[in-house]
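As structure tokens, the structure follows; a few thoughts come after it.
Chain A is the first sequence line, chain B the second, and so forth, proteins listed ahead of strands; every chain is numbered from 1. Quick caveat: nothing in here was measured; it's all calculated off a predicted structure. Heavy-atom basis, side chains included; hydrogens, waters and symmetry copies ignored.
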Amino acid sequence: MSYKLGRVAVLLCGDFRCWPKASGYIFNFVEHYSDQVDYYFATWTTTRDYRLPELGSIDSERAVTDRDVTDKFLGRNLINYKLVDINTVPNYHTNFFYQAHLAKIGNILKRRHELINDFIYDQVIELRPDVYIPIAHDSITTCRDLEYSTAPMYYAYGTTRPSMPDLYFRTNSFTNDVLSTRNYHDKLNEVGKFLDVNRFTPGYETMPGTYDVHWILLDFLCKRRMFEQSDRKYEANLATVIRPNFPDDLDEYTVEQIREFSHEWARSKFPGYLF
Amino acid sequence: MTLLPTKYIITTSLAFRNVPVLSKRDHMDIALLLLDNFEVPEKLGFSKVFRSARSDPEKKFADLALQLDEYIYIDGNTVDLVFVAATPNIDFNIPTTISHDSIYFVDKIHTGSFICAPHVFSMLGNLYKVNYTDHNPDLGFNEPLHIKKMFYLIDRLGVGLHVI
């Protein structure tokens, strides 16, 4: 029997990409842990399968429409959504802050709904719309102020250094409000110590002092003195981005097989990819 | 007393030239957030003045923080600094250097007027959600609860605290 988290807000913030394929897994995961789920969606007006300014644009860009977003929410509470033109946002240093910008938009939509209706969500889950996240446990514990719970991501460029998965966060409502300010970390010039764009090539083992979005995130969480909920290491065995080559029935595959799909896709996109 | 003469803002912006973030522009965009309903003289140089009709001080903070974030992230405007005025008679004596991750109390602390960057106000503005009493004993000082919560969060979130 699962422990229910109470009223939960799910903020889907990020590039649209494989949302139609990922939506079923995300609904399953979230609704396993709560009976009262409100959804918010913040994404760009266009999408592509890979977007790193440092590496240039790869893949064909396609438009995202209102209907693309609302289609999958039949019978569910999609409270609000916003499509943002990426050309209108500030020129951030790294890809990480574009994602963080959408997290801010999602957070604003959630706060507006809370304030107008005079309630506070028990838990808030912020995740990207293109993520595969299978259920790992029957029960999870509620996060308190400045606690967060995350899910392990498959990390293509090695795992030998401290890092922070950036695909999935569960917090309480106030902590999400704090987490959503991480885009400002760029303006504080905190990113300079991580920025070394020339050394970021696919397959290259990044070193301390080298550009890495997961270091930036870890730095932010340490700066705000947030701590990971410690009673259970992870509430999912895996969180990974669904690429276009992934099969539809991911639950039938092992973690290792899913990682291999991810490698396969990366090899087809980047000639220098070594894994 | 004039709240903030226009010439003061010009002087202030010159003082900030050595701060990397602000040196890109010749002036700063400053938003004024009013914690009480009082009149503000026009042409003070503020980019935007925010008010809230809510009576609960904690909800008023949240309302102002939401308005500020919508102004920046939904409407696409720029705000470099936020001046928060609790009373009409405040002199915002700004320091010549400023950290964007700090909060600067002006006048006397207990009036609750301060200067900070917008992301700091965004964090503090949602203090009505914080479970304060569970984690903190009452220290016995007489400030209203939202001021106590604010000081708790300033410390807890690692925000720098200055009195000017």
Side-chain angles (χ1 to χ4, degrees), chain A residues 42 80 82-85 87-91 100-116 118-122 124 142-147 171-190 192 219-227, chain B residues 19-24 52 54 56 58-82 98-102 116-136 149 152-160:
Chain A
N80 207 343
K82 185 159 181 65
L83 301 178
V84 183
D85 183 353
N87 299 309
T88 63
V89 306
N91 188 19
H101 188 94
L102 289 178
K104 185 70 181 177
I105 301 286
N107 172 265
I108 289 171
L109 301 179
K110 175 205 66 121
R111 276 160 57 197
R112 186 191 291 162
H113 191 66
E114 283 180 320
L115 208 53
I116 291 173
D118 202 21
F119 76 101
I120 302 171
Y121 283 110
D122 296 307
V124 178
T142 306
C143 288
R144 297 172 298 177
D145 286 345
L146 298 171
E147 281 183 351
T171 61
N172 70 3
S173 185
F174 172 73
T175 310
N176 180 263
D177 298 341
V178 175
L179 192 63
S180 75
T181 64
R182 66 185 185 270
N183 67 317
Y184 207 88
H185 213 48
D186 192 39
K187 206 170 183 179
L188 296 173
N189 294 330
E190 294 283 359
D219 189 59
F220 172 81
L221 295 171
C222 292
K223 187 181 181 71
R224 293 291 168 235
R225 297 157 72 189
M226 294 189 194
F227 49 94
Chain B
V19 180
V21 174
L22 300 173
S23 63
K24 294 172 187 169
S52 172
R54 290 177 180 266
D56 176 8
E58 294 191 9
K59 291 287 178 65
K60 183 173 285 195
F61 258 66
D63 190 13
L64 289 169
L66 180 61
Q67 286 183 49
L68 178 69
D69 274 355
E70 288 179 337
Y71 178 72
I72 297 171
Y73 296 103
I74 303 290
D75 302 338
N77 298 294
T78 304
V79 174
D80 296 305
L81 277 182
V82 173
I98 194 165
S99 157
H100 264 213
D101 213 30
S102 290
C116 64
H119 75 288
V120 174
F121 192 80
S122 184
M123 290 190 292
L124 300 180
N126 294 288
L127 52 78
Y128 80 98
K129 298 175 183 174
V130 173
N131 193 353
Y132 176 78
T133 50
D134 270 7
H135 302 298
N136 298 275
K149 278 186 175 182
Y152 161 63
L153 285 179
I154 288 167
D155 175 46
R156 182 63 186 79
L157 295 171
V159 174

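Between A/Ile120 and B/Tyr128 the shortest side-chain heavy-atom distance falls below 4.5 Å. Considering only heavy atoms from C-beta on, B/Asn131 stays 4.5 Å or farther from A/Asn172 through its side chain. Using a 4.5 Å heavy-atom cutoff, the side chains of B/Ile72 and A/Lys104 are not in contact. For the pair B/Asp155/A/Arg225, a side-chain contact is recorded, criterion being any heavy-atom separation below 4.5 Å from C-beta on.
Aromatic ring pairs are classed by plane angle as parallel below 30°, tilted from 30° to 60° and perpendicular above 60°; the pair A/Tyr184 and B/His119 is parallel.
Using a cut-off of 4.0 Å between Lys/Arg side-chain N and Asp/Glu carboxylate O, A/Asp145 and B/Lys129 are scored as not salt-bridged. The residues B/Asp101 and A/Arg224 are annotated as salt-bridged, a charged nitrogen and a carboxylate oxygen being separated by less than 4.0 angstrom.
Heavy-atom distances place both the backbone and the side chain of A/Ser173 under 4.5 Å from chain B. Heavy atoms closer than 4.5 Å to chain A are found nowhere in B/Leu124, neither backbone nor side chain. Both the backbone and the side chain of B/Arg156 come within contact range of chain A, judged by heavy atoms closer than 4.5 Å. For B/Asp56, no part sits under 4.5 Å from any heavy atom of chain A, backbone or side chain.
Closest of all the heavy-atom pairs between A/Phe174 and B/Asn126 is CD1-O, 3.4 Å. The two residues A/Leu115 and B/Asp63 have their closest heavy-atom pair at CD2-CA, 3.5 Å. In terms of heavy atoms, B/Ser122 sits closest to A/Arg111 at OG-NH1, 3.6 Å.
Evaluation of the salt bridge (charged side-chain N to carboxylate O under 4.0 Å, His left out) test over residues 116-128 of chain B, restricted to residues two or more places apart or in two chains, returns none.
Atom CG of A/Leu109 sits about 8.5 Å away from atom CD of B/Glu70, to the nearest 0.5 Å. One finds the CG atom of B/Leu153 at 7.5 Å from the CG atom of A/Leu146 (value rounded to the nearest 0.5 Å). Atom-to-atom distance recorded for B/Leu66:CG and A/Glu114:CD is 10.0 Å, nearest 0.5 angstrom.
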